[in-house]
Every structure is written in structure tokens, then in C-alpha cells.
Amino acid sequence: MLVLFRDILESDFVYIFYPTALRYSIIWCWLLNKPYGVHIRGQQNLTDFYSRLLYRFSKATITMADDQTNMIKSINSKNKVYTLERSLVPYSEKDISVGRTFLKKDKYKILYLGRIVFDKGIGELINAAYILNNKYKFDFELNIYGYGSYNEEARDLVSNLNLNNKVFFKGPVWNFVEKAEIYRTSDIFILPSYHEGFPQSIHEAMIFGTPIITTFVGSISTLMKDRCNCIRIEPKSVQSIVDALVYTMENYEEIGKFAQKAMGDIATFVDSSKLSHADQLLKCLSNT
């Protein structure tokens with residue numbers, strides 16, 4: 001925390017991704033009279049008293065989706081709030097996997113890629129894998145990429161359910177080329193999260209044509225449409241995950257049409273002619 005205080009003290013401008021565990025560090029900006037901006041990434045506590053103060057004195061607030069922008073503007077019409085023009089993912093329209101095919105598989109590779117924390121729904125996902133393995137005929141493997149506070153509990157759950165030959169922990173992946181190949185070689189991407197802003201992993205799955213199963217928490221529904229470009233599941237519901245995976249594997253060619261629609265939908269969000277996040281922030285600050 002002392003290092004963070006020093007960094008704020010030595011900075012001319014502070015840009016905070018919000019909300020995070022460091023949400024109250026912005027108080028130092030107030031005390032030190034440091035100008036700051038806010039990037040809304042999550043869903044929780046966005047309308048509490050502290051958050052309202054945060055937006056009020058922010059030089060610029062950038063959100064992931066229009067519904068977040070409109071919500072913050074409704075709190076105070078003087079808020080300088082903008083929706084992100086271009087996705088934060090390090091890919092462009094040139095990376096969209098337009099030629100991908102979707103044929104039924106003898107074995108399906110299911111992908112989770114993100115932080116391994118309790119409220120990402122990892123426990124429900126593993127329990128759903130247990131039901132699939134014991135009650136259905138499908139052959140599959142579940143590959144979990146990432147790391148987080150729920151990692152050891154998740155590994156213990158896999159061992160207790162005798163799923164070590166079905167569920168594999170791959171660790172975090174940082175290389176953009178490697179990550180792209182993971183999406184391309186996976187048959188299903190799943191995000192059973194309890195809360196989100198708008199996750200970059202969905203943008204990535206859309207770009208590489210990986211069929212998507214996701215909850216509709218946060219701003220996800222602003223882009224994702226059930227049985228149109230994805231399959232919707234309910235938060236905290238093992239059975240919802242099971243039903244969605246069974247439907248996807250039984251109807252994979254149809255699901256492929258959803259993935260193709262998703263590739264078309266993501267094109268405007270990764271258009272390389274649009275401003276990058278940094279350039280948009282600079283533009284927003286120049287308008288204040």
C-alpha cells in the first residue's frame with residue numbers, strides 16, 4: 001500500500017480500473033489533489049455513496065457498455081462518462097476466424113479462461129462436469145486456464161469427484177498468440193460467472209469463433225443474445241450448465257451458426273480504425 005501511495009504522489013494523473021480491491025485508494029487522490037479518471041470494469045457497488053463521489057470528481061469515466069454509461073449519467077447529469085469505443089483485447093478484425101467450421105465431434109474440448117475465484121462459478125462448472133461424465137454419453141475434457149484464490153479448492157473438488165481424467169488446470173496464459181490458439185482449438189467456451197462488467201474473454205471467444213455459453217450478468221446482455229450468438233445459463237445453477245452443454249454437444253452444427261453470428265457481431269468492437277483505449281482517454285480528457 002505504501003508503494004501505491006508513493007506512485008500516486010509522484011503521478012500527474014491517476015487512472016483506476018474500478019471496482020477493485022483498491023477501490024478506496026482513490027481517497028489518496030482527493031487528499032493529494034491528484035486528478036484521476038475511472039474505467040468501469042465490474043458490476044458490484046457501482047451506485048453506492050462512495051462510487052457516486054468517485055464519478056462526481058472524475059476527470060473522465062469510461063465504461064464497457066452503454067447501459068453502464070447511462071446508469072452513471074443518471075446519477076449526476078454533470079458526470080463526464082463515455083462508452084469504450086474499441087475492445088481492450090489485443091486483436092483486430094483481421095483475427096476473426098471467418099473460415100471456421102462446426103462439425104460434430106467425437107470429443108469436445110470445453111474451455112474456461114479467466115480468474116479462478118469462487119464467484120466465477122468454477123464450483124458449479126466442475127460439478128456440472130461430474131454430472132456430464134456420469135449421466136451422459138458425451139466424451140469431453142474441461143480445460144481451465146487461469147489462477148486465483150479458488151484454485152486449490154477447485155483442484156480438491158476435481159480430485160474428490162474423480163475427474164482428474166476430465167478436468168485439467170492449465171495455469172494462466174499471457175502470450176496473445178498462444179491464447180488465440182487455445183480459443184481456436186476449443187469447441188466450447190463457458191463463463192458461469194455471478195457478476196461481471198463485460199468480460200474480455202467473451203470478446204476473445206467471439207473473435208475466434210468459439211461457441212459461447214455464458215451467464216447474462218452485468219452488461220453481457222448488451223451484446224450477447226440467447227439462441228442467437230450464444231447460449232444463456234443462469235448464475236449459480238449446475239443444472240443450467242449441464243443443460244446448456246448437453247444442448248450444445250447435441251446440436252453442434254446449429255451452435256456453429258450462433259458462433260458465426262458472434263463473429264459478425266464483434267467486428268465493430270475490434271475495428272482497428274477506432275480509437276484505442278489510451279487514445280480515447282486522452283480525447284476525453286481534452287474535452288474536460
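Just so you know, residue 1 is the first one in the sequence shown, and it goes up from there. Only heavy atoms go into these numbers, but all of them, side chains included; no hydrogens, no water, no symmetry mates.
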> How many angstroms lie between NZ in Lys34 and CD in Glu10, if you round to the nearest 0.5 Å?
Replying inline: 8.5 Å
> How about Lys94: does its NZ atom have over 12 heavy atoms from other parts shown lying under 6.0 Å from it?
Replying inline: no
>> Looking at Asp187 and Lys105, is any side-chain nitrogen of the basic one under 4.0 Å from a carboxylate oxygen of the acidic one?
In response: yes
>> Ser87: which residues meet the side-chain hydrogen bond (donor to acceptor under 3.5 Å, both in side chains) condition with it, sequence neighbours left out?
In response: His203
> Cut-off 3.5 Å, side chains only: do Tyr108 and Ser186 have a donor facing an acceptor?
Replying inline: no
> Which word best sums up how the rings of His39 and Phe17 line up, parallel for under 30°, tilted for 30 to 60°, or perpendicular for over 60°?
Replying inline: perpendicular
> What's the spacing between Leu111 CG and Leu142 CG if we round to 0.5 Å?
Replying inline: 8.5 Å
>> Can a side-chain donor-acceptor contact be found between Asn151 and Glu153 if the only test is distance below 3.5 angstrom?
In response: no
> Does the side chain of Glu196 pick up a donor-acceptor pair with the side chain of Ser193 at under 3.5 Å?
Replying inline: yes
> Is the ring centre of Tyr194 less than 6.0 Å from the ring centre of Phe118?
Replying inline: yes
>> Applying side-chain hydrogen bond (donor to acceptor under 3.5 Å, both in side chains), can you list everything that pairs with Tyr150, at least two apart in sequence or on another chain?
In response: none
>> Do the side chains of Glu124 and Lys236 get close enough for a salt bridge, i.e. N-O under 4.0 angstrom?
In response: no
>> Quick check on Phe176: does its CZ atom have over 12 non-hydrogen neighbours (other residues, nucleotides or ligands) under 6.0 Å away?
In response: no
> Are a donor atom and an acceptor atom from the side chains of Arg23 and Tyr18 found within less than 3.5 Å of each other?
Replying inline: yes
>> Cation-pi check for Tyr112 against Lys120: NZ or CZ below 6.0 Å from the six-membered ring centre and within 45 degrees of the axis, yes or no?
In response: no
>> Please report whether the ring centroid of Tyr50 lies less than 6.0 Å from that of Trp30.
In response: yes
> For Tyr183, is the NZ or CZ atom of Lys179 found under 6.0 angstrom from the centre of its six-membered ring and inside 45 degrees of the ring axis?
Replying inline: no
>> Checking Asp67 against Thr222: is there a side-chain donor and acceptor pair closer than 3.5 Å?
In response: no
> Which distance, rounded to the nearest 0.5 Å, do you find between the CG of Asn134 and the CG of Leu163?
Replying inline: 7.5 Å
>> Looking at Asp279 and Lys274, is any side-chain nitrogen of the basic one under 4.0 Å from a carboxylate oxygen of the acidic one?
In response: no
> Would you say Leu191 and Ile202 make side-chain contact, with heavy atoms under 4.5 Å?
Replying inline: yes
>> Using the side-chain hydrogen bond (donor to acceptor under 3.5 Å, both in side chains) criterion, which residues pair with Thr210? Sequence neighbours excluded.
In response: Arg100
> What heavy-atom pair brings Gly209 and Phe102 nearest, and what distance separates the two atoms?
Replying inline: O-CE2, 3.1 Å
>> Working to the nearest 0.5 angstrom, can you tell me the gap between Leu125 CG and Leu157 CG?
In response: 10.0 Å
>> What's the separation between atom CD1 in Ile241 and atom CD1 in Ile190, rounded to the nearest 0.5 Å?
In response: 5.0 Å
>> Centre-to-centre under 6.0 Å for Tyr145 and Phe169, is that the case here?
In response: no
> When you measure from the side chain of Gln68 to the backbone N and O of Met64, does any donor-acceptor pair fall under 3.5 Å?
Replying inline: yes
> Just how far is it from atom SG of Cys284 to atom CD of Glu85, taken to the nearest 0.5 Å?
Replying inline: 7.5 Å
>> Against the six-membered ring of Phe198, is Arg41 placed for a cation-pi contact (under 6.0 Å from the centre, within 45° of the normal)?
In response: no
> Is it true that the side chains of Thr69 and Asp66 contain a donor and an acceptor less than 3.5 Å apart?
Replying inline: no
> In terms of the angle between their ring planes, are Phe138 and Tyr136 parallel, tilted or perpendicular, with boundaries placed at 30° and 60°?
Replying inline: parallel
